[in-house]
Amino acid sequence: MEMKGKTTIILRCLDRDEPPKPTLALEYTYGRRAKGHNIPKDIAHFWELGGGTSLLDLISIPITSDTLRTFSIVLVLDLSKPNDLWPTMENLLQATKSHVDKVIMKLGKTNSKAASEMRQKIWSNMQKDHQDRELIDPFPIPLVIIGSKYDIFQDFDSEKRKVICKTLRFVAHYYGASLMFTSKSEALLLKIRGVINQLAFGIDKSKSICVDQNKPLFITAGLDSLSHIGSPPVPDNDIGKLHAHSPMELWKKVYAKLFPPKTVNTLKDIKDPAKDPQYAESEVDEMRIQKDQELEQYKRSSSKSWKQIELDS
């Protein structure tokens, strides 16, 4: 997940004019929306996960049996880093889906009606006569996939853009998700804001659609189709050489041929916020230095003690 993209989108949705800061771990904010005179305002809760794929365990904090029925996932992917895109997307979606499935199972034991309604609701974006109903596997809660940094992506080679666009369209359609690209452009941010407001406050969905790879994609859940997306962009004589157990695995292998995955970020890649100058506080930092020195002294004294014990024995 890409840091500044998520924060920028949230700030724009909340009409907050402030510079985005890097997200540390899991951050929370909220927004209100007036419904009418003397009517309590609707409140939307925003949980933002930072740290790429390294802090996946934190998703269990906001997603619980109490919040699940009104929860939506917005996955922000960095279009300017296509080699990281698939592993980031795959890890985040698999971890989230696994946790949500567990929560739904747990909910089913205490409230089977609610769990059943949730399982039926995931098909609500897909028309009953849609030709792909038997071929997709909708995400268990509403999902929006946003490709950020479109301003950089639009300068990519056309063949690379084609592969990225078709691949993301397939993944979004398979999971019954909406897909859209954005950048710092005010017009694009306003479109994203409308989508987020729809998720948060139940505003009517946009029916507009753009599948042109030369423009920012904007496809509301249920409006795409496998026939329009087409087959994976690989020469016909190479398709037979790719051994895959599912359409998703086939698209993954085709994508990896053009964009070999790099190693996904681990905890080691995350900067220590205690050493980040933007969070500097002299008194706290002085105390931290003192504690670090005490810890080093403890380690040295412990090491000497163990050596003495070894000699004595």
Side-chain angles (χ1 to χ4, degrees), residues 1-2 52-53 56 73-98 100-101 122-123 125-126 130-140 142-150 153 156-181 209-264:
M1 286 176 96
E2 186 264 329
T53 57
L56 284 171
I73 299 290
V74 178
L75 174 61
V76 182
L77 299 168
D78 189 340
L79 293 173
S80 71
K81 298 176 181 176
N83 296 80
D84 295 335
L85 193 146
W86 186 285
T88 301
M89 172 176 67
E90 183 177 56
N91 288 338
L92 286 163
L93 289 180
Q94 283 183 354
T96 305
K97 186 176 186 300
S98 174
V100 170
D101 286 341
I122 62 174
W123 290 97
N125 290 323
M126 183 74 66
H130 196 292
Q131 63 201 49
D132 299 336
R133 276 183 78 90
E134 302 297 319
L135 304 171
I136 66 169
D137 184 17
F139 208 71
L143 172 66
V144 173
I145 299 174
I146 295 177
S148 69
K149 297 190 180 178
Y150 175 78
F153 171 80
F156 282 11
D157 170 75
S158 64
E159 190 58 32
K160 288 184 176 180
R161 278 188 284 114
K162 176 185 175 183
V163 172
I164 294 169
C165 286
K166 288 189 72 169
T167 301
L168 287 177
R169 282 180 66 188
F170 171 79
V171 173
H173 184 59
Y174 181 82
Y175 282 126
S178 296
L179 172 67
M180 48 214 60
F181 291 173
I209 183 168
C210 177
V211 296
D212 185 346
Q213 70 182 49
N214 297 310
K215 296 177 181 177
L217 295 184
F218 189 95
I219 309 165
T220 304
L223 295 185
D224 214 342
S225 70
L226 294 174
S227 60
H228 286 145
I229 296 167
S231 58
V234 65
D236 290 339
N237 56 342
D238 284 352
I239 279 277
K241 299 174 186 175
L242 294 170
H243 300 288
H245 299 292
S246 66
M248 183 66 75
E249 190 182 352
L250 179 62
W251 279 87
K252 177 182 178 178
K253 289 189 173 184
V254 170
Y255 187 86
K257 281 177 76 75
L258 186 58
F259 302 108
K262 296 178 182 177
T263 52
V264 179

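We count residues from 1, following the sequence as given.
Between Phe218 and Phe181, the gap from one ring centroid to the other reaches at least 6.0 Å. The aromatic ring centroids of His130 and His173 lie less than 6.0 Å from each other.
Of all heavy-atom pairs between Tyr174 and Ile136, the closest is O-CB, 3.4 Å. Minimum heavy-atom separation, Val163 to Pro233: CG2-CG, 3.8 Å. What you find for Tyr255 and Pro82 is that their closest heavy atoms are OH-O, 2.8 Å. Here the closest heavy-atom approach between residue Leu143 and residue Tyr175 is recorded as CD2-CB, 4.0 Å. Looking at every heavy atom in both residues, Lys215 comes nearest to Cys210 through CB-SG, 3.8 Å. Considering every non-hydrogen atom in both Ile122 and Pro140, the closest pair reads CG2-O, 3.0 Å.
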### Task
Test salt bridge (Lys or Arg N to Asp or Glu O under 4.0 Å) on Asp101 and Lys97 and set out the steps.
CA-CA 6 Å; Asp101 286 341; Lys97 186 176 186 300; 3.1 Å; yes
#### Entry: Candidate pair Asp84 and Lys262, rule salt bridge (Lys or Arg N to Asp or Glu O under 4.0 Å), full reasoning
CA-CA 6 Å; Asp84 295 335; Lys262 296 178 182 177; 5.4 Å; no
### Task
Take Leu79 and Leu85 through the test side chain to side chain contact (heavy atoms under 4.5 Å, CB included) and record every step on the way to the result.
CA-CA 7 Å; Leu79 293 173; Leu85 193 146; 4.1 Å; yes
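Between Phe153 and Ser148, the closest side-chain pair of non-hydrogen atoms is not below 4.5 Å. Residues Phe139 and Leu93 form a side-chain contact, since some pair of their non-hydrogen atoms from C-beta on lies under 4.5 Å apart. Between Pro260 and Asn83, some side-chain heavy-atom pair lies under the 4.5 Å cut-off. Using a 4.5 Å cut-off on side-chain heavy atoms (C-beta onward), Leu217 and Cys165 make contact. In this structure the side chain of Ile209 reaches within 4.5 angstrom of the side chain of Val211, judged on heavy atoms. Counting heavy atoms from C-beta on, the side chains of Pro216 and Met180 never come closer than 4.5 Å. Under the 4.5 Å side-chain criterion, counting only non-hydrogen atoms from C-beta, Ser231 is not in contact with Trp251. Taking the side chain as every heavy atom from C-beta outward, Leu77 and Thr88 approach each other to under 4.5 Å.
With values rounded to the nearest 0.5 angstrom, Ile229 atom CD1 is found 5.0 Å from Arg169 atom CZ. Once rounded to the nearest 0.5 Å, the distance linking OG of Ser158 with CG of Asn214 reads 7.5 Å. In this structure, NZ in Lys252 is found 13.0 Å from OG1 in Thr167, a value given to the nearest 0.5 Å. The CG atom of Asp132 lies 4.0 Å from the CG atom of Leu226; values are rounded to the nearest 0.5 Å. Rounding to the nearest 0.5 Å places CG of Asn125 at 6.5 Å from OG of Ser178. One finds the CG atom of Leu75 at 6.0 Å from the CD1 atom of Ile145 (value rounded to the nearest 0.5 Å).
Although no hydrogens or angles enter the test, the distance criterion places no donor-acceptor pair under 3.5 Å between the side chain of Ser80 and the main chain of Lys149. Side-chain N or O atoms of Ser98 include none that pairs as donor or acceptor with a backbone N or O of Gln94 at under 3.5 Å.
Heavy atoms from other residues, nucleotides or ligands lying under 6.0 Å from NZ of Lys253 number more than 12. Within a 6.0 Å sphere centred on NZ of Lys166, other residues, nucleotides and ligands contribute more than 12 heavy atoms.
Screening Leu168, Val171, Asn91 against Trp86 for a side-chain contact (heavy atoms from CB on, under 4.5 Å) leaves a single residue, Val171.
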